[in-house]
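Below is one structure, written out as structure tokens; comments come after it.
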Number of protein chains: 2
Amino acid sequence: MPGKSTPLKTTYHHGDLPQQAHQLALETLREHGDSAISLRALAKQIGVSAPALYRHFIDRESLLAEVAVTGFESLRERLLAVDQSSPRLALVDIGLVYVSFAQEEPNLYRLMFGGRVLPRGVHPRLDMAGKNAFQVLEDTIARAQQVGYVKPIPLSLMTAAAWSMVHGLAQLTIDGHLPSAKAEPHLAEGVVTLLLDGSLANNEQQHKDTSS
Amino acid sequence: MPGKSTPLKTTYHHGDLPQQAHQLALETLREHGDSAISLRALAKQIGVSAPALYRHFIDRESLLAEVAVTGFESLRERLLAVDQSSPRLALVDIGLVYVSFAQEEPNLYRLMFGGRVLPRGVHPRLDMAGKNAFQVLEDTIARAQQVGYVKPIPLSLMTAAAWSMVHGLAQLTIDGHLPSAKAEPHLAEGVVTLLLDGSLANNEQQHKDTSS
DNA sequence: GTAACAATGTTACTGGTGATAACTTATGCC
DNA sequence: GGCATAAGTTATCACCAGTAACATTGTTAC
């Protein structure tokens with residue numbers, strides 16, 4: 001593996017092109033959005049010719065898809081880190097973590113969910129990564145249902161509602177339609193709580209605000 | 001106004017370029033998404049040179065913004081047509097109409113809310129059109145609150161929750177993350193109802209399902 | 001009516017992009 | 001060492017947004 005111990009020496013073979021391209025694409029995405037990602041510009045920054053990238057990514061969209069995959073994995077890890085000891089806290093926190101992720105990484109989040117630039121059904125790994133992240137949300141809701149904390153409505157319905165809520169709030173805030181967390185720190189909590197309180201099992205309704 | 005009575009005659013001046021470009025862009029958007037809109041292609045289809053379009057649209061984004069404006073106006077009209085006689089029916093229906101619009105016009109909806117391609121604060125008419133559409137939703141909620149049907153929580157919070165919910169559901173379904181109305185006809189109703197039931201005033205909770 | 005002007009077209013061009021073909025060089029395996 | 005293959009290279013195509021300079025038409029003042 002040449003160039004590893006002497007990175008300054010110009011070698012014909014780069015040795016780590018895919019990973020470096022991925023990393024640089026992620027940084028460009030973060031700063032300037034997905035439309036700013038050009039294979040030619042990436043190649044020039046890395047110091048390689050543009051067609052070299054096509055040895056590792058079948059096209060531009062595939063590179064974007066790989067970046068989006070790591071985005072979903074990152075989101076999933078954050079969701080998995082939520083404390084699950086209390087059903088209510090877990091539900092609220094997972095919603096807040098979800099929204100926070102989108103607000104901290106708006107361009108990455110837009111890439112992950114911008115159905116136009118990365119359509120479903122084209123990149124299997126991307127679809128899977130998205131599903132895995134979503135699964136954490138669903139598992140948390142299922143757990144709260146099994147404990148009897150939320151109404152026994154169909155899990156798919158409850159999950160769809162929760163996901164729609166946090167995803168909608170995320171999108172609307174990062175696009176400036178609704179005030180961001182900076183301007184309205186408690187908006188996300190209020191919104192998530194509002195949905196949650198409509199989903200409580202009856203015996204939980206009276207003391208629902210004691211645990212928050 | 002030459003060429004009006006004899007539309008087949010080739011005239012140097014087109015006479016209706018902006019409107020025809022707008023219309024054609026809308027059709028292209030509907031069928032193939034905003035990324036398929038190219039000023040050159042539009043010009044060729046209309047039978048005019050590409051730079052001619054720049055006499056009427058300062059750049060590509062401005063054309064897209066104009067299309068998005070008409071999209072918001074169309075959405076607003078649909079929301080205004082909702083029957084407002086019953087607070088509950090009005091709230092549910094306005095949510096369903098909102099989601100239906102997105103599902104019937106996915107590419108248009110994506111353009112309207114794809115913050116990446118049309119950022120806020122750049123096209124004042126677009127921002128205004130979006131605000132006007134949103135206002136219909138807020139007014140409906142305010143009305144229901146004044147009648148005492150929903151909890152007296154801050155209007156901005158209630159509105160943010162409702163908008164987040166329908167917007168999130170719209171996005172997730174048109175991008176294939178959640179089943180569309182075709183696969184799950186009652187999903188939208190269930191989701192909207194779930195949020196609504198968490199927002200009812202206390203005296204409405206027992207007979208909340210009699211009016212649906 | 002015509003001259004001046006503004007509006008709306010035109011061709012020619014620049015710089016940038018994704019993608020492919022054909023060629024070259026290094027790597028690793030036998 | 002020799003050779004297949006992986007991973008680079010240059011050359012090229014087709015498309016795109018946008019600008020400059022020029023041409024034509026419509027309108028308005030005189």
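Naming convention: chains lettered A, B, ... in sequence-line order (proteins, then strands); numbering from 1 in each chain.
- What separates CZ of B:R55 from C1' of D:dT25 is a distance of 13 Å, to the nearest Å.
- Here C:dT8 presents its C1' atom at 13 Å from CG of B:D16, a figure rounded to the nearest Å.
- Rounded to whole Å, atom P of D:dT19 lies 14 Å from atom CG of B:L53.
- Taking the six-membered ring for Trp and the full ring otherwise, A:F134 and B:H177 have centroids separated by 6.0 Å or more.
- Closest to the A:V48 side chain, of the nucleotides C:dG9, D:dG8, C:dA19, is D:dG8.
- Nucleic acid contact class of A:R60 (heavy atoms, under 4.0 Å, all strands): sugar-phosphate only.
- One atom, CZ of A:F57, and another, P of C:dT20, lie 15 Å apart when rounded to the nearest Å.
- Contacts of B:S38 with the nucleic acid, taken as non-hydrogen atoms under 4.0 Å apart, involve only primed sugar atoms and P, OP1 or OP2.
- When distances run from any side-chain atom of B:P51 to the nucleotides D:dC16, C:dT11, C:dA19, the shortest one goes to C:dT11.
- A:L39 has its CG atom 9 Å from the C1' atom of C:dT17, to the nearest Å.
- Taken to the nearest 0.5 Å, the CZ atom of B:F72 stands 8.5 Å off from the CZ atom of B:F101.
- Using modelled atom types and a 3.5 Å distance limit, the side chains of A:Q103 and A:S180 yield no donor-acceptor pair.
- The existence of a salt bridge linking B:R78 and B:E104 is confirmed by a sub-4.0 Å separation between a basic side-chain nitrogen and an acidic carboxylate oxygen.
- A:Q23 and A:Q19 form no side-chain donor-acceptor contact under 3.5 Å, judged by distance and modelled atom types alone.
- Taking atom CG on B:D59 and atom C1' on D:dC16, their separation rounds to 14 Å, with Å as the unit.
- Here the P atom of nucleotide C:dT10 and the CD1 atom of B:I46 are 11 Å apart, to the nearest Å.
- If you check every strand for non-hydrogen atoms under 4.0 Å, A:I37 touches sugar and phosphate atoms only.
- Rounded to whole Å, atom C1' of C:dA19 lies 14 Å from atom CD of A:E61.
- Contact annotation for B:R40: base contact, defined as any heavy-atom pair under 4.0 Å involving a base atom.
- Between B:H56 and the phosphate of C:dA7, there is no side-chain N or O to OP1/OP2 separation shorter than 4.0 Å.
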